2 protein chains.
Amino acid sequence: MPMIAASVFEPVDHDSVADAVVRQIETMIVDGILKDGVRLPSEREMAEAMGVSRPKLREALQVLETRKLVTVRHGDGTFVAELTGRAMSPAMLELFARHGEAFFDYLEYRCEQEAFASRLAAQRATRIDKERLEAIKEDLKRAWAEDDAEASRDADFDLHSAVVDASHNVTLIHMMAAVYDLTRRGVFYNRDLLRTIDGSGRKLLDQHCEIVDSIVAGDPVRAEAAARAHLHFVGESIRVGQEQDFRERRARMRVKTVE
Amino acid sequence: MPMIAASVFEPVDHDSVADAVVRQIETMIVDGILKDGVRLPSEREMAEAMGVSRPKLREALQVLETRKLVTVRHGDGTFVAELTGRAMSPAMLELFARHGEAFFDYLEYRCEQEAFASRLAAQRATRIDKERLEAIKEDLKRAWAEDDAEASRDADFDLHSAVVDASHNVTLIHMMAAVYDLTRRGVFYNRDLLRTIDGSGRKLLDQHCEIVDSIVAGDPVRAEAAARAHLHFVGESIRVGQEQDFRERRARMRVKTVE
DNA sequence: CTGAGTGATTCATATTATTTACCACTAAAT
DNA sequence: ATTTAGTGGTAAATAATATGAATCACTCAG
């Protein structure tokens, strides 16, 4: 009779009450239900509504305060922190990264912003902007030719920053600065996932070059299309990559049963 | 200062230890890690591996036994039930329905089976089969013309059963019988979701008619393509429908904050 | 028939969570 | 400036859940 080894069974992922509360409040923030600056109901009311005890709710609020998602003021109340304003706070962006289902919303948003930035850049790029973009294009090519992942990542980041800078829209520049910083630190996704459907990285390079070329050519329609195609490719790579990772993990578990 | 009403906060979804164990073991079954008939490790070993106490593991195994997913034999051991064999057991199919991430695997599998069935049906349908299919086609048209959701659902089920019957592959007939029964009972998805991107239902009708016409015409390639297109449409409708439902729920929660 | 494994039951103990009471701060009303 | 009613903050008793351990009953291989 075939028998399963005990090692196939992993420790159960069982949350405490406080953890569950943290997750639910974070989800409400991500979903836009709890907006910046609003005051939460009193601890007594929230605890009752959520069906947990006040000490446990307080424990959760403490975690949220540590993550800079809420502000607690003795004798006054509990408030959702200012998370977006002119630019998304790191706390908010890290929250998005933690909540997988929000990630594709973020990507959809970013696609729209980068299409917008590329269109403006094609219209407004100065000679200096264009020179900067051409120089980054050479960096990208060199990084690809040398298969230098780190240089490639840096150049990627430089390109997107340069495009936004070339849009000359101050609000956009501020809004996207934090996004790029966290993308660069790998908070949103492992950049290796971009190799999922583009093993050689050639496609990624071509897309980056097309963005530069269309901005330098002063073609807003082409620049916007290039940005959208690129972000679509990024989204697709991540989705397919995550699915493959998931299938591989399941396959490894199955293999484990016959060891 | 804007304030959120307490009613926006819902009771936290917090599992007991036993519930968490149930979910994890069910996931292992869905993922194919725990296969039919295999013997699980002893309760003592499983409890230790999963990091829970034996009484709590036993509580979980009792739930799984009630759901007919495992068989427990005093003095012998605990076994994964025979869930698939020649046809998927209702227990297995209900398990798939409970585990959302498995649903699209199921749909992918069903797409392949129905494409296979349609191809065979186009090759093997007898005169009686064809007459039956044509009669069902008329039922579908009438149900659509009269906007009769129940008649439409019944005719839909009849069609898929008739196609599989016309394949004259006994294994396939048995395998799909339980699938159709549960689909009919709405275990897998609410059929209303099919109206998400096809408000009038015309597209669905056209696809059903194309399946019938291609089988009656004896064209296996066309029949297979028609089945695949149909199942692709079903998958897409469900996916978009679920996304819309999700967005609507979030929007309702946001509206709730300003009441 | 025996022994070593399995599941089954029960109970004492530990941990987590709830309930309750009271303290300290804040801000609006007087 | 004071008062009051709200808020958050702390602590302890109690309840609920979970763990750990001991023992019983069944099964099957040797």
Side-chain angles (χ1 to χ4, degrees), chain A residues 1-6 8-25 34 37-81, chain B residues 1-6 8-25 34 37-81:
Chain A
M1 173 67 76
M3 227 258 271
I4 300 286
V8 164
F9 293 83
E10 298 179 331
V12 164
D13 190 17
H14 182 243
D15 276 345
S16 63
V17 161
D19 287 340
V21 170
V22 166
R23 198 197 342 281
Q24 184 155 320
I25 293 178
L34 299 180
V38 301
R39 192 205 211 188
L40 301 183
S42 73
E43 290 178 0
R44 291 164 178 84
E45 288 181 314
M46 279 181 65
E48 186 177 357
M50 300 185 87
V52 302
S53 66
R54 229 188 114 215
K56 285 292 150 180
L57 174 72
R58 285 181 54 76
E59 193 180 320
L61 291 177
Q62 226 151 20
V63 170
L64 291 166
E65 191 171 29
T66 300
R67 291 181 181 173
K68 299 187 190 305
L69 295 170
V70 301
T71 303
V72 182
R73 290 207 279 276
H74 192 172
D76 198 353
T78 306
F79 304 83
V80 179
Chain B
M1 173 68 76
M3 226 260 272
I4 300 288
V8 165
F9 293 84
E10 296 177 333
V12 163
D13 189 18
H14 182 244
D15 277 345
S16 64
V17 161
D19 288 339
V21 170
V22 165
R23 198 199 342 280
Q24 183 156 322
I25 293 178
L34 298 181
V38 302
R39 193 206 213 188
L40 301 183
S42 72
E43 289 178 2
R44 290 164 181 84
E45 289 181 313
M46 278 180 66
E48 187 176 356
M50 299 183 88
V52 302
S53 66
R54 238 187 105 213
K56 286 292 150 180
L57 174 72
R58 285 182 55 76
E59 194 180 319
L61 290 178
Q62 225 150 21
V63 170
L64 291 166
E65 190 171 30
T66 300
R67 291 178 180 175
K68 300 188 189 302
L69 295 171
V70 302
T71 303
V72 182
R73 288 208 279 276
H74 193 174
D76 200 352
T78 306
F79 304 84
V80 180

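Keep in mind it's a predicted model, so treat the numbers as computed, not measured. Scope of the values below: all heavy atoms of this structure, side chains included, with no hydrogens, waters or symmetry mates.
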Rounded to the nearest angstrom, tell me the gap between atom [atom1] in [X] and atom [atom2] in [N].
{"X": "B:E43", "N": "D:dA21", "atom1": "CD", "atom2": "C1'", "answer": "15 Å"}
{"X": "B:F79", "N": "D:dT27", "atom1": "CZ", "atom2": "C1'", "answer": "10 Å"}
{"X": "B:E45", "N": "C:dG7", "atom1": "CD", "atom2": "P", "answer": "9 Å"}
{"X": "B:M46", "N": "C:dG7", "atom1": "CE", "atom2": "P", "answer": "9 Å"}
{"X": "A:K56", "N": "D:dG8", "atom1": "NZ", "atom2": "C1'", "answer": "18 Å"}
{"X": "B:D76", "N": "C:dA8", "atom1": "CG", "atom2": "P", "answer": "11 Å"}
{"X": "A:L57", "N": "C:dA17", "atom1": "CG", "atom2": "C1'", "answer": "13 Å"}
{"X": "A:L40", "N": "D:dG6", "atom1": "CG", "atom2": "P", "answer": "19 Å"}

**Asked** Does A:T78 reach the side chain of A:M46, with side-chain heavy atoms less than 4.5 Å apart?
**Response** no
For [N], does the base pair up with any side-chain atom of [X] as donor and acceptor (N or O, under 3.5 Å, distance only)?
{"X": "A:R44", "N": "D:dG6", "value": "no"}
{"X": "B:R54", "N": "D:dA18", "value": "no"}
{"X": "B:H74", "N": "C:dA8", "value": "no"}

Is the phosphate of [N] approached by [X] (side-chain N or O, under 4.0 Å from OP1 or OP2)?
{"X": "B:R58", "N": "C:dA8", "result": "yes"}
{"X": "A:T78", "N": "D:dT7", "result": "no"}
{"X": "A:S53", "N": "C:dA17", "result": "no"}

Per [X] side chain, nearest of listed nucleotides [options]:
{"X": "B:P55", "options": "C:dT19, C:dT9, D:dG20", "value": "D:dG20"}
{"X": "A:V72", "options": "D:dC28, D:dG8, C:dT6", "value": "D:dG8"}
{"X": "A:V17", "options": "C:dA17, D:dG9, C:dA8", "value": "C:dA17"}

**Fill in**
Taking for A:H14 and for A:G75 the nucleotide of DNA chain D with the nearest heavy atom, the one nearer the 5' end belongs to A:G75
**First of A:S16 and B:Q62 reached from the 5' end of DNA chain C, by closest nucleotide** = B:Q62
**Fill in**
d(B:L34 CG, B:L64 CG) to nearest 0.5 Å is 10.0 Å
**Fill in**
In this structure, CD of A:E45 is separated from CG of A:L57 (nearest 0.5 Å) by 11.5 Å
**Request:** Give the intermediate values and the outcome of side chain to side chain contact (heavy atoms under 4.5 Å, CB included) for residues A:R39 and A:D76.
**Result:** CA-CA 10 Å; A:R39 192 205 211 188; A:D76 198 353; 4.1 Å; yes
**Message:** Evaluate B:M50 against B:I25 for side chain to side chain contact (heavy atoms under 4.5 Å, CB included), listing each step before the verdict.
**Reply:** CA-CA 10 Å; B:M50 299 183 88; B:I25 293 178; 4.1 Å; yes
